[in-house]
Amino acid sequence: MPDRFVKFLGTAGARFVVARQLRSSAGIWIRMAGQTVIYDPGPGTIVRCWAAKPQCDATKVNAIVLSHHHLDHAGDATVMVEAMTDGGTKRVGLLLAPRAAYEDDSPLCHYVQRFPARVERLREGSAHELGDLRITCVAAMQHGVETCGTVYSDGEKRVGFAPDTYYIEGIGERYVGCDILVVNCVLFSDHGPGVPHLHPASAGRIIAEARPKRAILTHFGMNMLRNEPWKIAEELTQEIGIEVKAAGDGMMVDLDEG
Ligand SMILES: [Zn+2]
């Protein structure tokens with residue numbers, strides 16, 4: 001395994017793809033600065049961790065991060081906290097999520113919220129240290145519930161995550177300086193601010209504003225899958241002049257490559 005990498009245990013977005021498991025809805029496994037983070041552990045994350053080759057040891061996670069508490073991002077949050085803390089017997093690890101994920105009706109059960117050593121709130125501008133890994137909330141998104149965009153930095157590499165949101169003017173600029181930018185592209189076309197998700201054109205705007213070395217699209221809804229995300233990624237690459245890839249289930253990105 002590389003020293004630092006991002007592994008997509010799942011790439012499903014929104015309810016129809018999740019319900020049918022057309023793509024796995026497991027979260028993203030991040031390994032940087034000797035720390036392991038599971039990001040947005042949707043339904044099936046615990047299963048995909050152990051089914052992965054090599055296995056992702058869910059009991060060795062150092063932090064669990066939720067961009068927001070919708071089911072496709074947090075369905076396995078409770079089980080992952082139990083795994084990280086050995087069923088609450090070890091007071092270890094960091095749980096990081098927006099306030100709403102702790103307090104509102106959320107898949108993150110209240111009883112596990114006292115298990116981790118640290119429970120912190122993501123809010124715009126907040127910064128959280130995990131050993132030599134720094135997690136910063138660079139943006140509050142527009143998504144109906146409190147949703148946070150984050151950047152992970154080990155001092156050398158920066159990886160950004162632009163989660164579910166409707167496009168906000170200039171929001172991509174918050175991610176300037178990232179080596180990799182992961183963008184949730186749920187929709188194939190704009191459905192207006194009442195369906196606050198990105199689609200290829202608005203995802204492309206964010207990538208163009210952020211100018212990362214590489215961008216990765218993920219979290220695909222039904223119409224994105226029907227329209228072949230890898231083709232859309234190729235078109236965006238041509239249009240923007242930045243390498244854009246579509247994530248596949250199990251895809252690993254070595255942060256020291258490319
Ligand atoms: Zn959502």
Side-chain angles (χ1 to χ4, degrees), residues 8-30 37-45 48 64-81 95-109 121-124 126 135 137-151 160-168 171-172 174-175 181-203 205-207 216-225 229 246-247 249:
F8 294 81
L9 294 172
T11 56
R15 63 196 78 173
F16 303 117
V17 174
V18 173
R20 291 166 181 78
Q21 289 291 293
L22 299 175
R23 293 280 185 108
S24 156
S25 51
I28 300 176
W29 188 270
I30 302 162
V37 179
I38 184 82
Y39 172 76
D40 277 359
T45 298
R48 288 289 173 145
I64 297 161
V65 180
L66 308 182
S67 65
H68 65 295
H69 66 274
H70 281 156
L71 192 64
D72 50 337
H73 300 257
D76 268 13
T78 296
V79 72
M80 291 306 292
V81 175
L95 178 60
L96 194 52
R99 181 207 57 79
Y102 297 115
E103 294 177 10
D104 294 358
D105 185 22
S106 161
L108 178 63
C109 290
R121 285 179 181 179
L122 283 172
R123 63 174 75 80
E124 197 167 44
S126 69
I135 305 170
C137 175
V138 295
M141 298 310 199
Q142 186 187 321
H143 187 50
V145 301
E146 194 181 359
T147 302
C148 290
T150 44
V151 168
F161 291 86
D164 294 348
T165 187
Y166 197 64
Y167 178 75
I168 302 167
I171 196 76
R174 311 285 183 91
Y175 293 92
L181 179 62
V182 178
V183 184
N184 285 4
C185 189
V186 175
L187 300 175
F188 179 64
S189 56
D190 191 8
H191 293 209
V195 187
H197 280 290
L198 297 170
H199 59 104
S202 56
R205 280 179 81 178
I206 289 179
I207 295 164
I216 299 168
L217 305 180
T218 188
H219 208 59
F220 304 122
M222 199 68 117
N223 279 324
M224 273 299 286
L225 291 182
D249 287 351

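In listed order, ligands and their atoms are each counted from 1.
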Check all N, O or S atoms of Asp164 and name the one closest to the Zn ion (ligand 1). OD2
Mark yes or no for whether Ser202, through its side chain, and Tyr166, through its backbone, hold a donor-acceptor pair below 3.5 Å. no
Near the Zn ion (ligand 1), is there an N/O/S atom from His73 that is less than 2.8 Å away? no
Between His70 and His68, how do the two ring planes meet: parallel, tilted or perpendicular, split at 30° and 60°? perpendicular
Below 30° counts as parallel, above 60° as perpendicular, anything between as tilted: where do the rings of Phe161 and Tyr39 land? tilted
Give the atom name of whichever N/O/S atom in His70 sits closest to the Zn ion (ligand 1). ND1
Checking side chain to side chain contact (heavy atoms under 4.5 Å, CB included) between Val183 and each of Leu217, Thr218, Thr165, which is the one that passes? Leu217
